[in-house]
Amino acid sequence: MRDRLAASDPGLLRLTAGLRTVTAIALALAVLAALRVPVAHLVAGAMAAMVSTFAIRENQRFQQAVTLALGLPVALASVSLGALLNQRVVVGDLFFVALIFGAVYSRRFGDRGTALGLIGFQIYFLSLFVHATASALPALYGVICVAFACSALARFVLLPQTPAGTLDRLRRAFRARLAQLIAAQAELLDAGPDEVDKVLEDLRTATARLHETALMIQGRLEDGTSDPTVARLLQRRIADAEIASERLGLLLLTARSAQRTDTLTLHLPGALLPSGGAPPVRDEATQALRRDLDALRLLMLRPVGEARGTALAQVRNRLLGYREEENLPQASPAVQDVFRGLGEAARAALGLRLALDGAHDESDDSPATIRSREELDAEDAAIEAGEESEAEEPEPTGLSRPTTRAAVQVAVGSALAIAGGELLSSQRWYWAVLTCWIVFINTASTGEILVKGYRRLLGTVLGVVAGIGLAGLVGQHTWTAFALVLVFIFAMFYTAPLSYTLMSFFVTAMLGLLYTLLNTYSLSVLVLRVEETALGAACGVIAAAVVLPIHTDRRTNELLVAVLDRLADVTRGAVDQLSGGAGDDLVEQARDLDQALADLRAATQPLTHPITPLRSRRDTARYVVALLETCAYHARSLAATAELLPTHPSIAADPRLSGACGRILHNIGTIAAHVADPRSTAAIETGPSIASMLEPGTLRTPRYGRVTDRVLRHLQRLDEAVSGLARPLGLPGPDAGAGTGGKVKQVT
C-alpha cells in the first residue's frame with residue numbers, strides 16, 4: 001500500500017498540499033469559533049487560511065517564511081481597499097482591473113512575486129464575497145492575522161516539508177513507478193491476442209508516469225541535495241534506470257512478436273504488435289524471464305535496509321550475470337536480447353540503490369557483480385563536482401515578455417467580465433472576473449484557454465447540481481457544512497493536478513455550502529454562478545484571441561522547433577563523444593530534451609482534446625508527438641551509452657560513427673527550418689541504412705562488446721523516426737525540387 005500510494009502521488013505532493021490546507025483552515029475555524037465571531041467572519045477566516053497556504057510554492061522553508069510574512073501586509077492592504085471601494089462602483093472596478101494586472105505582472109519576479117500577487121487578488125475577492133465594510137475592517141484584520149498564523153503553524157510545525165524530504169519521497173515514488181513498469185512488461189509475456197492492446201496501453205501509461213517522476217526529481221535536485229556532486233550522481237542514476245527499463249520493454253516487445261518490433265509500437269497510440277497478437281510463448285526460457293522480471297521488480301522496489309540476505313544477493317548476482325555472454329540461456333536471439341536487457345536493468349538498479357542508499361554488504365558478490373560495482377565506482381569518480389556554465393538566453397522585453405502579455409490580456413478580459421457580470425448581477429459580478437483570472441493561469445495560447453474554460457464550465461455545472469443537493473441536506477447545521485467544506489477543499493487540492501474539471505466541481509460544491517452558511521443560498525444564486533462562469537470564460541477567450549494573441553499553432557510550432565533543437569544537440573553531443581570527441585553533460589541535455597517534449601505535449605492538448613472539431617489535426621498532432629517520443633528515447637539511449645565510454649571497460653569509441661549521423665542532423669535541421677518558416681525549400685535526405693554507410697566489417701564485433709553495434713541500432717531507428725516526421729509535417733521529399741514552394745502541413 002505504501003508503494004502504491006508513493007506511485008500514485010509522487011513525493012506525496014498532492015496529499016501534503018491538501019492536508020496542509022485543510023489543517024490550516026480547521027485551526028483557523030477552531031480559533032475563531034472560540035472567539036465567537038459571526039459566521040461571515042468564519043467564512044472569511046477559512047478563505048484567508050486557504051489562500052495563505054496554497055499561494056506559497058517556494059521550496060526552502062526560510063523563503064516560505066519570508067513570503068508568508070510579506071503576504072500579511074499585502075492581505076491587510078487588499079481587504080482594506082476592498083472594503084473602502086466596495087460602494088464606489090467605477091473607482092472600485094478600475095482598481096480591481098489594476099490589481100489584476102499587477103498580480104499577473106508580478107509573476108515575472110518568480111515564486112514570491114506570484115504568491116504575493118495571488119494573495120492580493122484573492123483577499124480582495126474575499127472582501128467582495130463577504131461584503132466587507134469599513135466598520136468591519138478591525139474585526140477582519142484580526143481574522144486575517146489568525147488565518148496567517150494558523151497557516152504558518154500548519155506549514156512549519158504540524159506538517160513540515162523540507163526539500164530533502166520531498167526529494168526522498170520522490171525517489172521512493174520513482175522506485176515504485178519503475179516497479180509498476182516492470183510489472184506491466186511482465187504481463188506482456190502472458191498476454192493473449194485479446195489482451196495485447198490493453199497491455200500496450202498500460203506500458204505506454206507506465207512509461208509516461210516514470211518520465212513524469214524523473215522530471216519532478218530533476219526539478220528538485222538543486223534544493224534537495226547539499227552537494228552538486230550528489231545531485232549529478234543521482235541525476236545520472238535516475239536516467240540510467242529510466243533508459244534501461246524502457247529498453248527492456250522494447251526488447252520484450254521484440255521477443256513477444258513473430259518479427260522484429262518497430263520501436264513505434266511502444267509510443268504510437270493504437271499500434272499493434274507485428275505478430276497480430278499471436279498467443280504467448282511458454283517454454284523454459286520465457287518461464288525464466290517471468291521469474292527474473294519479478295526478481296528485478298523486487299530489487300527495484302526495496303532499499304538496502306529491506307533487501308539484505310543471501311537469497312536476494314543470489315538473485316542480484318544471477319541478473320547481473322546476464323551481462324556476460326556465457327551466462328545467457330539457450331534461446332532465440334530475440335529472447336537472449338531480453339536477458340541481456342535484464343542484466344543492464346539490474347546494473348541500473350544496482351547503481352540506483354547505491355546512489356540512493358549507499359554501499360552495503362559485498363560478501364556474497366559474484367564476479368559479474370564485482371565488475372558491475374567497479375564500473376559504477378569508476379563512473380562515480382568521473383563525475384565532476386563543478387557545475388557546468390550555461391549560456392544565458394536573452395530575456396524578452398516589453399510586450400513580448402510573457403508576463404506582460406498575460407497581464408494585459410487578463411486586465412482586458414477582466415474589464416469585459418466586470419462589465420458583463422454587472423449586467424447579470426450587481427451583487428455577484430466578481431464570479432465572472434474570478435473565472436477569467438483562473439483560465440489564464442498556467443496557459444500560454446488561445447487554445448489552452450479555451451479548453452480550460454470549457455473544463456471549468458463543465459465542472460461548475462456539475463458542482464451546482466451537487467451544491468443544490470448538499471445545501472438541502474445540510475440545512476442550518478453550521479459545523480456539518482464546515483466539515484463538508486474541509487472535505488471538498490482537500491479533494492480540490494488533491495485532484496487539481498489530475499483533472500481541472502474535478503477541481504472545479506469541488507470548488508462549486510464547496511461554494512454552495514458557503515452560500516448556505518451565509519444564508520444567501522438559492523437555486524437562482526447557483527444558476528447565476530454558472531452564467532457568470534460561462535461569461536468569464538468567454539471574456540478570457542475573447543481577450544486571448546484579440547489582445548496580443550498567441551495562437552495555438554504559433555505556440556506549438558515554437559515548442560516543436562525547441563524540441564528539434566534539443567534533439568539535435570543531444571544527438572550531436574552523443575555521437576561526437578562516441579566517436580572519441582570531448583564529452584559534454586549529456587544527461588543534462590537529455591533532460592532538457594525531455595522537458596521540451598513535455599512542454600510540447602501539454603501545448604498540443606487543445607488539438608488532441610476530444611471536443612476539437614478538426615479530427616485530422618488531432619491525429620496529426622498525436623502522431624507527431626509519438627514520433628518525437630521515439631526520437632527522444634533513442635537520443636537518450638545514445639547519450640547514456642556515450643556517458644559509459646570513459647569508465648566502461650568493454651566499450652570503446654569508434655571514430656567512424658561521426659559521419660554516420662550527418663543525415664540525421666541535416667534532416668532535423670531541415671524539419672525545424674520548415675516549421676519555423678513554411679517558405680523554406682530545403683528537402684530531407686534519404687539513402688542507405690546507417691549501418692551500410694560505415695566501412696565493411698564494423699558489425700563483426702561482439703554483439704555487446706564494442707559500442708558500435710548498440711549505437712547503430714539507435715542511430716538507425718532515430719534516422720527512421722526523423723524521416724517519418726516529414727510526411728505528417730508535409731515536407732518535400734528529396735525529389736521534390738526547389739519549385740515546390742516547400743509548403744508545410746504543420747502539426748497544428
Can you check whether [Y]'s main-chain N or O pairs, donor with acceptor, with [X]'s side chain at less than 3.5 Å?
X	Y	value
N667	E685	yes
R112	Q63	yes
D337	L251	no

Within the structure provided, determine whether [X] and [Y] are in side-chain contact (heavy-atom separation under 4.5 Å).
X	Y	answer
T166	R169	yes
T114	R57	no
D592	V570	no
Q218	I238	no
L718	L638	yes
R247	R340	no
Y633	T207	no
D594	R591	yes

Original post:
For the residue pair Y322 and F339, does the interplanar ring angle fall in the parallel (under 30°), tilted (30 to 60°) or perpendicular (over 60°) class?
Top reply: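 Ring orientation of Y322 relative to F339: perpendicular.
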
[X] versus [Y], closest heavy-atom pair with distance:
X	Y	value
R347	L320	N-CD2, 3.4 Å
A345	L296	CB-CD2, 3.7 Å
A726	I684	CB-CD1, 3.5 Å
L293	I182	O-CG2, 3.5 Å
Q185	L248	OE1-CD2, 3.6 Å

Original post:
Counting heavy atoms not belonging to R297, are there more than 12 under 6.0 Å from its CZ?
Top reply: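 No, the 6.0 Å shell around CZ holds no more than 12 heavy atoms from other groups.
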
**OP:** Take M300 and L181 through the test side chain to side chain contact (heavy atoms under 4.5 Å, CB included) and record every step on the way to the result.
**Re:** CA-CA 11 Å; M300 289 289 190; L181 175 58; over 6 Å; no

Original post:
After noting the C-alpha distance and the side-chain angles of R601 and E629, does the key distance pass the side chain to side chain contact (heavy atoms under 4.5 Å, CB included) rule?
Top reply: CA-CA 10 Å; R601 193 183 298 109; E629 287 175 345; 3.1 Å; yes

Subject >> Derivation and outcome, side chain to side chain contact (heavy atoms under 4.5 Å, CB included), residues R237 and D240 >> reply: CA-CA 5 Å; R237 295 299 172 233; D240 287 346; 3.1 Å; yes

Original post:
Given L729 and H674, is the side chain to side chain contact (heavy atoms under 4.5 Å, CB included) satisfied, shown in steps?
Top reply: CA-CA 9 Å; L729 295 177; H674 268 284; over 6 Å; no

Original post:
Quick one: which of V625, V624, D599, T620 gives a side chain to side chain contact (heavy atoms under 4.5 Å, CB included) with T604?
Top reply: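 Answer to the side chain to side chain contact (heavy atoms under 4.5 Å, CB included) test with T604 among V625, V624, D599, T620: V625.
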
